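All remarks here apply to the structure that follows.
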Protein chains: 2
Amino acid sequence: MQSYTEENYLKIIYHLSVISNPVQTNAIAERTQTKAASVTDMLKKLSDKELVDYVKYQGVTLTEKGKLMAINIVRKHRLWEVFLVEKLNFKWDEVHEVAEELEHINSTLLTERLDEFLEFPKVDPHGDPIPDQYGNFADLSFIKLSKLKVNDKGTITGVSEHSSPFLKHLEKLGLTLGKKIEVSEIIDFDGSVELLIDYKKINISREVALHILISK
Amino acid sequence: MQSYTEENYLKIIYHLSVISNPVQTNAIAERTQTKAASVTDMLKKLSDKELVDYVKYQGVTLTEKGKLMAINIVRKHRLWEVFLVEKLNFKWDEVHEVAEELEHINSTLLTERLDEFLEFPKVDPHGDPIPDQYGNFADLSFIKLSKLKVNDKGTITGVSEHSSPFLKHLEKLGLTLGKKIEVSEIIDFDGSVELLIDYKKINISREVALHILISK
DNA sequence: AATATTTTTTAGATTTGTCTAAATTTAAAA
DNA sequence: TTTTAAATTTAGACAAATCTAAAAAATATT
Ligand SMILES: [Mn+2]
Ligand SMILES: [Mn+2]
Ligand SMILES: [Mn+2]
Ligand SMILES: [Mn+2]
């Protein structure tokens, strides 16, 4: 049985692995809001438990066991986020802190029943994929519009924000499901994106781009 | 901000206050599964925080502040139990441990939205009253089945023992919330009670009768 | 009232997760 | 290839929550 703290480390290492592998001490320290020395202590502990492969001065990689645990925490986090938004009418920006706590409730029955209750959602309110109980992610063939580069083309296949103001805004801009778009420019200043749609150029904020899902 | 541990102490002191006031160190130690010495340490800490009035060698009483905190934890515990049973199809003997963890999630928004989602339940799956957000309990008038006389009638509205074996036993006997019963005989020999339920006679031990709550 | 028993508290130690400051290793720059 | 800088680890300390064993206080019993 892992402590709340160990679980947070595992999850953070999991997320950081996507960017760099192995994961460095300082990167973890920054995310956990602790000091490098504390991280070193924890890495030794996780290594003793065989949840990470740790090489002094190099960094850590999750073992298969550690990875499964991390994915399970991510699974719970995202399921709870769906619950909060779909059932309790939280806004997409209100769910994170609470999910950060709920993800540590350990009960397989609870997790699986929650999944069922939510009708097995594939993505969370931010468009992030929800792994199944075995740790497998459905291959989602869409990415956030904000991840596209200049000249990339694609089709709008979903949104990861369901609020009325947001949807109305999209509609007004002509950004509806099935529409083909092309990124014509990305403005460094504010991260906003210029799109080509229906032979017209429009500009959307980074905030909006983050919640539009694109498939190629 | 209270720690998980402090919250558990507050809740336990609250429950024990009903039986004896002030609450004694050993009683708390038994409930928290710790030693008396540990309890003494915690009582000093809670006293410093003005959550309890503590008199050496005498015991503790919750302050108004401490009592409100305790009631809020009880509120969350019972709301989550309702959620688990009503929405996730948990059985009434399966909810306790999970609620024991969920009760520590601190988010007013979450608690109030959950209350609303559940349509403001007045009692939990065991018939225990759910306080409102100000700490007020609806006046529920029930008595122990063991206090009934022969020929007394009533409806099962709660239980005062939440262990899984006990609850499963009741279920097997058909003694669930809402069922109407009548006392047909009280056996002097062992204090067991003969009941009329669904036109059938069943016999329950005094031990069981002590933990069934009846309203007329 | 004196003695025995129970209850509670103190003293000192341990574990977990954290910190600061100093030492060490690795990486980058001159 | 030295020298410098950055990243990481060790050493030693601390707060929270717990423990055991011994001392002290409150109750109960003769
Ligand atoms: Mn967390
Ligand atoms: Mn999310
Ligand atoms: Mn608890
Ligand atoms: Mn209950």
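Residue numbers start from 1 in every chain, and the chains themselves are labelled A, B, ... in the order their sequence lines are given, proteins ahead of strands. All values derive from a computational prediction rather than experimental measurement.
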N or O in side chain of T25(A) less than 4.0 angstrom from dT9(D) OP1/OP2: yes
Between C1' on dT10(D) and CE on M42(A), what's the gap in Å once rounded to a whole number? 17 Å
Side chain of Q24(B) only, please: which of dT26(C), dT10(D), dT7(C) is the nearest? dT7(C)
Going by the angle between their ring planes, with limits at 30° and 60°, are W80(A) and W80(B) parallel, tilted or perpendicular? perpendicular
Select one nucleotide: of dT8(D), dT18(C), dT7(C), the one nearest the side-chain heavy atoms of N26(B). dT7(C)
side-chain N/O S38(B) vs dC19(D) OP1/OP2, d < 4.0 Å: yes
Side-chain N or O of K56(B) less than 4.0 angstrom from OP1 or OP2 on dT10(C)? yes
Side chain of K35(A) - closest among dT20(C), dT18(D), dT18(C): dT20(C)
Aromatic contact, H126(B) with H96(B) (centres under 6.0 Å): no
If you check every side-chain atom of A37(B), which of dA21(D), dT8(D), dT18(D) has the closest atom? dA21(D)
Which part of the nucleic acid, if any, lies within reach of Y9(B) when heavy atoms closer than 4.0 Å are counted: base, sugar-phosphate only, or nothing? sugar-phosphate
Of T32(A) and A27(B), whose closest DNA chain C nucleotide lies nearer the 5' terminus? A27(B)
Less than 4.0 angstrom between a side-chain N/O of S3(B) and OP1 or OP2 of dA16(D), yes or no? no
Between atom CG in L43(B) and atom C1' in dT9(C), what is the gap in whole Å? 11 Å
Please determine, for the side chain of Y54(B), which listed nucleotide (dT9(C), dT27(D), dC19(C)) has the closest atom? dT9(C)
Salt bridge E112(B)-R75(B), side-chain N to carboxylate O under 4.0 Å: yes
How many whole angstroms separate atom NZ of K44(B) from atom C1' of dT8(C)? 10 Å
Closest listed nucleotide, where the reference is the side chain of T5(B) and the choices are dT18(C), dT18(D), dT8(D): dT18(D)
May I ask you to verify if any side-chain N or O of Y57(A) is less than 4.0 angstrom from the OP1 or OP2 atom of dA23(C)? no
Is the number of heavy atoms from other residues, nucleotides or ligands under 6.0 Å of E100(A) CD greater than 12? yes
Whole angstrom is fine here: how far is it from CG in D41(A) over to P in dG12(D)? 14 Å
Closest approach to the side chain of T34(A), judged atom by atom: which nucleotide of dT18(C), dT7(C), dT9(D) is it? dT18(C)
Going by heavy atoms in the side chains, are V82(B) and I130(B) under 4.5 Å from each other? yes
Can you tell me the distance, in whole Å, between the CG atom of L46(B) and the P atom of dA16(D)? 12 Å
Rounded to whole angstrom units, what separation is found between the CD1 atom of I28(B) and the C1' atom of dT9(C)? 14 Å
Atom OH of Y4(A) to atom C1' of dT18(C): distance rounded to whole Å? 16 Å
side-chain contact (heavy atoms from CB on, under 4.5 Å) between R206(B) and S146(B), worked out: CA-CA 7 Å; R206(B) 175 164 176 74; S146(B) 56; 3.9 Å; yes
